[in-house]
Amino acid sequence: MSTASAAAARPAAAPSLTGVFVRLKLSLLRNGLRQSTGRTLAYVASIVVGLLFAAGVVLGLTALRGNAHAGALAVLLTGLLTVGWAVMPLFFPGSDETLDPTRLVMLPLRPRPLIVSLLVASLVGIGPVVTLMLVAGAVIAVADGPVAAVVGVVAAVLVLLVCVALARAIATASVRLLTSRRGRDLAVLGGLFIALGGQGVNLAAQRLGRPDGLAVLEPLGEVLRWVPPASALGAVDDAGHGAYGRALAGLALTALALALLLWWWQRTLTALMTSPDSSTLQALEKDGGRRSGTGARGLARLLPDGRTGTVMLRSLRYAWRDPKSKMAWATALGVGLLLPIATSAQGNGSMYTAFWASALLGSMMYNQFGQDTSAFWMVASTLATARDAYQELRARALTLALVAVPYVTLVVVGSAALIGPWSDFMEVYGLSLGVLGALLATGAMSSALFPYSIPSEGTKNVAPGQGAIAWFSLFGGVLVAAVLCSPLLGLTIWLHTAGLHHLLWMLLPAGALYGLGLAEAGLRVAAPRVAARLPEILGAVSKG
């Protein structure tokens with residue numbers, strides 16, 4: 001056989017798997033940007049903001065060269081970057097379609113070359129570029145001498161690979177959860193955790209802005225410099241001080257962590273691509289077997305009988321299952337608890353910040369019927385009389401109070417413990433309950449007079465053309481609630497100015513009874529209006 005024939009008989013060399021995945025990543029990115037001009041502009045804006053932020057941090061770290069505490073700050077920054085990469089696939093599973101390896105299960109691919117290709121493809125994007133810039137800035141801040149510079153180059157590469165491999169491994173291990181309804185609910189809550197974390201970073205930055213601020217990082221830095229991949233930045237600092245043994249140990253720890261992550265990623269990827277999906281038919285059959293019993297179970301057994309219990313159970317299920325309702329509840333609960341803690345940490349706190357808990361949860365009584373979205377027509381078909389409307393509103397208010405009253409109690413007690421003084425507990429608690437009752441009353445009236453639609457899809461909470469109604473409903477109702485609370489507030493001011501501090505305890509029962517009376521009066525006034533305006537309410541709610 002001639003040489004030409006032998007060459008023709010040999011199979012063509014398979015294309016590089018890594019190159020294929022890199023081109024796939026670029027194609028997904030390009031096709032995504034072609035969908036709309038708005039998406040393209042948003043992506044370009046995110047690139048510009050990310051690069052400007054990274055450049056600012058790099059300049060700040062460069063200015064810290066020679067600072068005695070720069071090493072502690074560098075390892076802390078590396079630790080924060082690692083945590084960010086770890087939680088990113090949990091909170092934003094839809095941000096990168098290539099994070100879902102279940103799309104590849106039908107392809108004849110072996111796990112080991114597959115993880116190498118996915119790892120390289122994951123380095124394409126703004127996230128790795130910003131991460132590399134931040135790590136490079138940390139290296140510049142601590143590198144002292146040519147040996148430390150060489151160690152710094154190795155450390156920067158290792159840190160980037162560890163961060164990307166960690167995100168990939170976590171996404172692969174939890175992909176079944178992330179593509180389920182519970183995973184999407186977790187993604188919805190991601191914004192809340194980011195907001196809470198951002199406030200924590202803000203408080204920490206204020207603390208570090210003091211003259212001796214960086215010194216407080218030393219104890220934490222001593223611990224983190226032995227935790228990979230922050231140990232790689234600790235190795236750069238050690239190399240600059242001539243501690244080459246410690247530097248080698250720090251790099252070895254990070255390299256070992258990378259190897260373990262790749263091994264774990266390979267095992268989870270193999271299991272994912274070769275085992276059946278137990279979250280589909282088999283899981284549903286088992287779950288159906290567990291639920292085959294009759295009778296009320298769980299929380300339903302504790303709720304009242306009749307329409308009240310049915311409406312309360314429905315509202316609680318909406319709060320747990322509907323992503324927008326869950327986000328609203330999570331935001332109200334999280335921010336109401338965060339504000340007293342944040343003001344206490346800043347040293348200018350007041351127990352009266354506990355009112356935020358009542359205000360945020362009470363405002364959820366507004367637009368009750370719009371929260372049902374397209375399902376409200378089923379509820380409307382049962383509201384034949386004013387009594388039916390009253391029972392419906394009362395049950396919804398009871399659902400809100402079921403969570404709000406214990407939560408407000410917790411926030412007021414925590415504010416008294418963190419901020420103090422305990423002598424203000426009675427009046428703050430009483431006023432908080434009064435505020436809650438006033439908002440329940442005005443929320444019921446607002447739901448009857450100013451309903452608006454909440455779109456089921458997308459991120460908007462108000463249908464187009466109804467923004468003015470939504471703003472007037474909320475702020476007008478809050479203004480009326482403030483007026484309704486004025487007698488209780490006037491009593492508080494009079495007791496203080498008259499020097500009757502020993503009688504301030506009366507504000508607790510007075511606030512509780514006054515709030516309960518306001519809520520009941522608001523429900524009774526709103527109920528006949530709901531029954532009379534039911535067609536208008538149904539039409540307004542259905543516009544979205």
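Everything numeric here is computed off the predicted structure, so don't read it as measured data.
Counting heavy atoms from C-beta on, the side chains of Ser363 and Leu474 come closer than 4.5 Å. The shortest side-chain heavy-atom distance between Leu251 and Val151 falls under the 4.5 Å cut-off. For the pair Trp85 and Ile170, the minimum side-chain heavy-atom distance is 4.5 Å or more. The closest side-chain heavy-atom distance from Leu258 to Leu262 is below 4.5 Å. In this structure, the side chains of Leu261 and Leu161 stay at 4.5 Å or more apart for every pair of heavy atoms. For the pair Met364 and Arg396, the minimum side-chain heavy-atom distance is 4.5 Å or more. Taking 4.5 Å as the limit, some side-chain heavy atom of Ile126 sits within range of a side-chain heavy atom of Leu51.
Ser122 contributes no side-chain N or O that, together with a main-chain N or O of Val164, makes up a donor-acceptor pair within less than 3.5 Å. The backbone N or O of Tyr366 lies less than 3.5 Å from a partner atom in the side chain of Gln371, making a donor-acceptor pair. No donor-acceptor pair closer than 3.5 Å links the side chain of Ser473 to the backbone N or O of Ile469. Under the 3.5 Å distance criterion, the side-chain polar atoms of Asn367 are left unmatched by any main-chain donor or acceptor of Ala470. Side-chain atoms of Ser231 never come within 3.5 Å of backbone atoms of Trp226 as a donor-acceptor pair (strictly under, hydrogens ignored).
Between the CG atom in Leu80 and the CG atom in Leu76 there is a gap of 4.5 Å [rounded to 0.5 Å].
Scanning for side-chain contact (heavy atoms from CB on, under 4.5 Å) contacts around Val403 gives Trp329, Leu333, with sequence neighbours left out.
Residues Ala74 and Val142 approach most closely at CB-CG1, 3.8 Å, considering heavy atoms.
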